[in-house]
Amino acid sequence: MTSPHAHRAPSTLVVTAGRPDRGQGAPLNPPLVLSSTFVSQGVPGDEPMYGRADTPAWHAFEGALAALEACPSPALVLGSGMGAIAAALSLVPPGGRLVLPRHSYQVTLGYAADLARRSGVQVELVDVADTDEVLSAVRDGDGTRPADLLWVESPTNPMLEVADLPALVVGAHEAGALVAVDNTFATPLVQRPFEHGADVVVHSVTKYLAGHSDVVLGAVLAADPAVRARLHEYRTVHGAIAGPFEVWLALRGLRTLALRVERAQANALELARRLAAHPRVLAVRHPGLPDDPGHARATKLMDGYGSIIGMRPVGGPDAADALVDALRLWVPATSLGGVESTLERRRRFTTESVTVPEDLLRLSVGIEDVEDLWRDLEDALDRTA
């Protein structure tokens, strides 16, 4: 039977996927199911029985995200993005090898270090934009054994490096490694890793998918049913579950994802161009800029350039902090992907990678009027000169 989502554009799927079946008098939106337990007797089957293992409250969102990511099995929603990351990293066995970008999300790096301490996992950090370096690490690293899992962020957080995802997937699979991709920055509207052969995809649903800075959620997807079963068991046993209302809100937020991403990307590209030409700006990273190191690769592999900008003002970290303080429309805050524009100096976190410049500001561009955003930035740059 042909899927009802077959051949529909992602911008249509965000509106149509996860809807209840049509019928006279049927609701347009899925109901909010608030129940911790369900009627059950005899030998348990696939039906919901207890809310930690399964609940209808998750199904609509999990199905919609799977449709967007072109994944044959429903997603697994979890209580946070880190819950989803931890689930995916549980695929690395004790004493196994994990290869991941040196500029991965800082808490991912911290969790990998924790795996090394607790489980003897060998962690190797690489420049994900250097395909040869990555694949060399995956094949044998220091000559001990091939990697069990290659972790990919593209673009990376916060340095915005772009990976050659198809080449990494092919090379990792030849070495016998699984490939997991954190697709939070790109969203499935910009990049769909399963189309390149990835095994696992992770999202911080908190960010673009929910999109309104009002829920904390994560999700993980697997193309192989056996891998998905392992991830499902992890979620159930570790209790890393999501609340029904938060998932309902995330599905509501998903409905406007295409419009939000379109507007935010357009704003980000225009602001990146203007920042790159400003005399008080030392450097700008955004894959949409023609001279950005990741531009050619992003143009080839992605359906857009995302809405995150990396920026270094003239004057070092003190100037970066002063700029944040001087802004009035932009919100100084961590996280990203909401409708509002936010920014922060990433090295204010002592846990951030030491190879991230001290003065780097990560800008998450929202959907406000671009001229208002620029006036605020330009004024702050001028006042802190």
Side-chain angles (χ1 to χ4, degrees), residues 103 105-107 155-161 184-185 204 206-208 210-214 216 260-295 305-385:
H103 292 139
Y105 173 46
Q106 58 159 332
V107 190
T156 57
N157 181 7
M159 295 299 289
L160 300 175
E161 297 133 331
T184 298
F185 268 28
S204 175
T206 308
K207 312 301 193 296
Y208 291 100
H212 292 78
S213 303
D214 54 7
V216 176
R260 290 187 283 106
V261 166
E262 180 181 13
R263 176 63 173 261
Q265 286 196 133
N267 282 353
L269 184 56
E270 180 60 26
L271 293 174
R273 288 169 176 157
R274 297 186 190 187
L275 286 168
H278 197 284
R280 295 293 302 167
V281 176
L282 180 66
V284 176
R285 284 299 306 263
H286 181 70
L289 296 175
D291 60 349
D292 187 88
H295 177 73
Y305 301 110
S307 53
I308 304 294
I309 300 172
M311 166 194 166
R312 300 175 61 193
V314 172
D318 289 342
D321 287 337
L323 178 62
V324 172
D325 290 341
L327 290 164
R328 295 295 176 262
L329 175 57
W330 291 76
V331 182
T334 195
S335 196
L336 53 97
V339 294
E340 61 286 312
S341 294
T342 63
L343 83 167
E344 66 177 345
R345 185 171 68 86
R346 288 300 296 172
R347 286 291 296 278
R348 72 191 181 100
F349 297 102
T350 58
T351 49
E352 184 60 89
S353 173
V354 296
T355 54
V356 172
E358 287 271 9
D359 56 357
L360 179 77
L361 295 173
R362 186 188 69 190
L363 284 64
S364 172
V365 182
I367 65 172
E368 304 93 337
D369 185 273
V370 71
E371 297 301 334
D372 288 334
L373 292 171
W374 175 244
R375 273 192 295 269
D376 196 33
L377 279 170
E378 187 177 41
D379 180 61
L381 284 165
D382 292 343
R383 286 191 289 120
T384 55

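Model, not experiment: these values are computed from the prediction. Each residue takes its place number in the sequence, starting with 1.
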Return the CD1 to OG distance between Ile367 and Ser307, rounded to the nearest 0.5 Å.
11.0 Å
When rounded to the nearest 0.5 Å, the distance separating CG of Leu323 from CG of Asp379 is 10.5 Å
Would you check if Arg280 and Leu377 make a side-chain contact, meaning some heavy-atom pair closer than 4.5 Å?
no
Once salt bridge (Lys or Arg N to Asp or Glu O under 4.0 Å) is applied, do any residues pair with Glu358, and if so which ones, sequence neighbours excluded?
Arg345, Arg347
Looking at every heavy atom in both Ala268 and Gly306, which two are closest together, and how far apart are they?
CB-O, 4.0 Å
Run Leu269 and Gln265 through side chain to side chain contact (heavy atoms under 4.5 Å, CB included) and show every step you take.
CA-CA 6 Å; Leu269 184 56; Gln265 286 196 133; over 6 Å; no
Residues forming a side chain to side chain contact (heavy atoms under 4.5 Å, CB included) with Thr206, sequence neighbours excluded
Ser204, Val216, Ser335
In Å, rounded to the nearest 0.5 Å, how long is the span from CZ of Arg328 to CG of Asp372?
15.5 Å
Minimal non-hydrogen separation, Pro155 against Pro287, with atom names:
CG-CG, 4.4 Å
Side-chain donor-acceptor contact under 3.5 Å, Tyr105 with Thr184
no
Looking at every non-hydrogen atom in both residues, tell me the closest pair between Thr355 and Ser353 and how far apart they are.
OG1-OG, 2.8 Å
Smallest heavy-atom separation, Leu271 atom then Trp330 atom, equals CD1-CZ2, 3.7 Å
Is Thr156 close to Arg285 at the side-chain level, that is, under 4.5 Å between some pair of heavy atoms?
no
Heavy-atom side-chain proximity of Gln106 to Pro158 below 4.5 angstrom
no
Check the pair Leu275, Leu381 against side chain to side chain contact (heavy atoms under 4.5 Å, CB included), reporting the backbone distance first and the verdict last.
CA-CA 10 Å; Leu275 286 168; Leu381 284 165; 4.1 Å; yes
Heavy-atom count around Glu340 CD within 6.0 Å, excluding the residue itself: above 12?
yes
Keeping to residues at least two apart or across chains, list the side chain to side chain donor-acceptor pair (under 3.5 Å) pairs with something in residues 361-371.
Asn157-Arg362, Arg274-Glu371, Ser341-Glu368, Glu344-Arg362
So which heavy atom on Thr384 is nearest to which on Ala322, and how close?
CG2-O, 3.6 Å
Do the charged groups of Arg312 and Asp359 touch, with an N to O distance under 4.0 Å?
yes
Drop me the distance from Thr342's OG1 to Leu327's CG, to the nearest 0.5 angstrom.
11.0 Å
To the nearest 0.5 Å, how far apart are CH2 in Trp374 and CZ in Arg273?
13.0 Å
Between CG on residue Leu289 and OH on residue Tyr305, distance to nearest 0.5 Å
10.0 Å
Could you report the tightest heavy-atom contact between Ile308 and His286, atom names first, then the distance?
O-ND1, 3.0 Å
Should Leu360 and Met159 count as side-chain neighbours, where that means a heavy-atom distance under 4.5 Å?
yes
Looking at Val365, is its backbone amide N or carbonyl O close enough to the side chain of Asn267 to form a donor-acceptor pair, meaning the two atoms are under 3.5 Å apart?
no
